[in-house]
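First comes the structure, then the notes that go with it.
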Protein chains: 2
Amino acid sequence: MLLSLDMQSETPIYVQIRNQIIEGIASGKLLPGDTLPSVRQMASDLGINLHTVNKVYTLLKQEGFLAVHRKSGVVVNDYKEFKVSDSFLEKMESDLKPIVAEAICRGLTKEKFLEKCLNIYEEFQDYQQGGKKG
Amino acid sequence: MLLSLDMQSETPIYVQIRNQIIEGIASGKLLPGDTLPSVRQMASDLGINLHTVNKVYTLLKQEGFLAVHRKSGVVVNDYKEFKVSDSFLEKMESDLKPIVAEAICRGLTKEKFLEKCLNIYEEFQDYQQGGKKG
DNA sequence: TATCTGTTATATTATTAATATAACAGATAG
DNA sequence: CTATCTGTTATATTAATAATATAACAGATA
C-alpha cells in the first residue's frame with residue numbers, strides 16, 4: 001500500500017492519508033484482515049509525525065474501517081458487513097451537493113456528469129477484478 | 001436569496017456561504033444579472049464580520065461566478081457562457097473520488113449511487129422549471 | 001530483559017478562520 | 001458640495017485546527 005502526500009495541498013495530510021486508505025479498501029488493494037504499518041513505521045516512511053498517523057488510525061477506527069488488536073496490530077475490517085446507514089447517506093448527499101451545483105453552473109450536462117461518476121465508481125471495481133494484489 | 005449558517009459545523013462559514021450561492025445559481029434562484037447584498041449588508045444580516053463576506057465575494061469573483069461593477073454592485077455572471085474546463089473536471093474528479101470510495105466501502109451499489117447523483121442533479125433542475133422566482 | 005505495539009499526556013509552532021477597527025476612492029442621493 | 005454607501009485594502013488580534021516534539025505507560029513479543 002503506497003501512500004503519496006502533497007505537502008503543498010490545502011487538504012490536511014491526515015485527510016489525504018485517510019482518503020487513500022479508504023480508496024485502497026474500495027479498490028481491493030486493502031482486503032479485510034490486511035494489516036497496516038505501525039504508527040511509528042508509517043510516520044517514519046512518510047517523514048511525518050507519529051501523532052498525525054495516530055490521528056488517521058483513530059479516525060478510521062471510529063468510522064469502522066479499521067480495528068486494533070493488541071496482538072495483530074492495525075487490521076482492515078470486513079467492510080462487506082457494513083450497512084448503508086442513513087447518517088452516511090445524509091453526509092454523502094451534503095458532500096455531493098456543492099459539487100453537483102458547481103458542475104451545473106459550469107455547464108456540465110447531466111449525462112456527462114453521471115458518466116463521470118460511473119467512471120470513477122468502475123475504476124475502483126476494475127482494480128478488484130484485475131487481480132487481488134496487482 | 002436566503003442563507004442559513006451552521007456555526008457549529010466544521011465547514012467554515014465562508015465556505016458555507018460560497019456553496020449556498022453556487023447552489024442558488026445552479027437552481028436558478030440566482031439568475032445572471034441578479035445582484036447580491038453589499039458585504040456590509042450581508043454581514044449584518046448574518047451577524048458576522050464584513051471581511052468574512054468579502055472573502056466569499058472575492059473567492060466567487062476569482063471562480064468567475066460573480067462580477068463587481070462600481071455602478072451596479074455585486075452581480076451574478078452569465079454562467080451559460082462558462083466552458084467546461086479541464087482544470088474543473090480534474091478538481092471535480094479528485095473531490096468525488098473519496099466520496100465514491102467511501103460509498104463503495106459502505107456497500108452502496110453502483111445503481112443506487114448513480115441514482116443518488118441523478119436525484120441531486122435533477123433537484124436543481126426541478127427548481128428551475130418550477131418557476132423562476134418560487 | 002529489551003523492544004515494539006497502540007495510547008495518552010502535555011506543550012509548542014504554524015496556519016487558517018473569524019473578528020475588529022480604520023481608512024481610501026469611486027459612486028450616488030439629497 | 002456634502003453625506004453616505006460601495007468594494008477594497010491595511011493592520012492587528014483572537015480562536016481553532018494542523019502538525020510537530022518529547023515523554024511516558026501498559027500489553028505483547030522475541
Side-chain angles (χ1 to χ4, degrees), chain A residues 1 3-22 30 33-77 91 95 98, chain B residues 1 3-22 30 33-77 91 95 98:
Chain A
M1 180 73 190
L3 296 178
S4 65
L5 298 185
D6 179 1
M7 306 306 266
Q8 314 306 324
S9 169
E10 64 179 359
T11 305
I13 60 181
Y14 84 94
V15 175
Q16 294 182 42
I17 299 174
R18 188 208 89 116
N19 286 348
Q20 287 180 45
I21 290 177
I22 289 180
L30 285 174
D34 281 354
T35 58
L36 291 178
S38 73
V39 290
R40 289 171 178 83
Q41 183 62 51
M42 179 177 285
S44 169
D45 291 347
L46 296 173
I48 63 176
N49 192 274
L50 167 167
H51 292 96
T52 306
V53 178
N54 192 56
K55 190 174 182 176
V56 176
Y57 283 5
T58 301
L59 180 59
L60 287 170
K61 268 192 332 188
Q62 289 169 351
E63 296 182 300
F65 293 107
L66 297 182
V68 174
H69 304 109
R70 270 290 175 199
K71 192 166 184 176
S72 41
V74 181
V75 177
V76 176
N77 261 339
K91 179 184 168 293
D95 287 345
Chain B
M1 180 73 192
L3 297 178
S4 64
L5 298 185
D6 179 1
M7 306 305 265
Q8 314 306 324
S9 169
E10 63 179 0
T11 305
I13 59 182
Y14 85 94
V15 175
Q16 293 182 43
I17 299 174
R18 187 208 89 117
N19 286 348
Q20 287 180 46
I21 290 177
I22 289 181
L30 286 175
D34 282 355
T35 58
L36 291 178
S38 73
V39 291
R40 289 172 178 81
Q41 183 63 50
M42 179 177 284
S44 169
D45 292 345
L46 296 174
I48 62 176
N49 192 274
L50 167 164
H51 292 96
T52 306
V53 178
N54 192 56
K55 189 174 182 175
V56 176
Y57 284 3
T58 301
L59 181 59
L60 287 169
K61 269 192 330 187
Q62 289 170 350
E63 296 181 302
F65 294 106
L66 298 181
V68 174
H69 303 111
R70 271 289 175 200
K71 190 166 185 176
S72 39
V74 181
V75 177
V76 176
N77 262 339
K91 178 182 167 295
D95 286 345

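Computed from a predicted structure; not experimentally measured. Below, each value reflects all heavy atoms present in this structure, side chains not excepted, and no hydrogens, waters or symmetry copies. Throughout, protein chains are lettered first and strands after them, A, B, ... in sequence-line order, and every chain is numbered starting at 1.
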Open item on the list: In whole Å, I'd like the distance from the CD atom of B:Q8 to the P atom of D:dA16.
Closed with: 11 Å
Open item on the list: Is the phosphate of D:dA19 approached by A:T52 (side-chain N or O, under 4.0 Å from OP1 or OP2)?
Closed with: no
Task: Complementary nucleotide for C:dA18 - Watson-Crick or wobble, under 3.5 Å - done: D:dT13
Task: Nearest-angstrom distance from the residue atom CD of A:Q41 to C1' of C:dG6 - done: 15 Å
Open item on the list: Working to the nearest 0.5 angstrom, can you tell me the gap between B:K61 NZ and B:Y57 OH?
Closed with: 11.5 Å
Task: Distance in angstrom units between B:Q62 CD and D:dG7 P, rounded - done: 16 Å
Open item on the list: Please pick, from C:dT7, D:dT20, D:dG7, the nucleotide with the shortest atom-to-atom distance to any side-chain atom of A:I48.
Closed with: D:dT20
Open item on the list: Below the 4.0 Å mark, does D:dT8 have OP1 or OP2 next to a side-chain nitrogen or oxygen of B:K61?
Closed with: yes
- [ ] To the nearest 0.5 Å, tell me how far B:I17 CD1 sits from B:L36 CG.
- [x] 11.0 Å
- [ ] Could you state the atom-to-atom distance from CG of A:N49 to P of C:dT12 in whole Å?
- [x] 16 Å
Task: Pairing nucleotide - C:dA23, Watson-Crick or G-U, each distance under 3.5 Å - done: D:dT8
Task: Atom-pair distance (CG on A:L50; P on C:dG6), nearest Å - done: 9 Å
Task: B:L46 side, atom CG; B:S4 side, atom OG - distance, nearest 0.5 Å - done: 9.5 Å
TODO: Check whether any side-chain N or O of B:S38 sits under 4.0 Å from OP1 or OP2 of D:dC5, and answer yes or no.
DONE: no
Task: Per B:P12 side chain, nearest of listed nucleotides D:dT20, C:dA17, D:dT8 - done: C:dA17
Task: Counter-base of D:dT29, judged by Watson-Crick or G-U geometry with both distances under 3.5 Å - done: C:dA2
Task: Atom-pair distance (CE on B:M42; P on D:dC5), nearest Å - done: 18 Å
TODO: Kindly indicate whether the side chain of A:H51 and the base of C:dT10 share any N or O donor-acceptor pair separated by less than 3.5 Å?
DONE: no
Task: Minimum-distance nucleotide to A:R40 side chain [options: D:dT8, D:dT22, D:dA24] - done: D:dA24
Task: Closest nucleotide among C:dT7, D:dA19, C:dA23 to the A:Y14 side chain - done: D:dA19
Task: Integer-rounded Å distance: D:dA19 P and A:E10 CD - done: 12 Å
Open item on the list: B:V53 and side chain to side chain contact (heavy atoms under 4.5 Å, CB included): which single residue from B:V74, B:T58, B:V39 fits?
Closed with: B:V39
TODO: Find the distance between CE (B:M42) and CD1 (B:I21) and round it off to the nearest 0.5 Å.
DONE: 5.0 Å
Open item on the list: Quick check on D:dA19: is either OP1 or OP2 less than 4.0 Å from any side-chain nitrogen or oxygen of A:K55?
Closed with: no
Task: Nearest-angstrom distance from the residue atom CG of B:L60 to C1' of D:dG7 - done: 15 Å
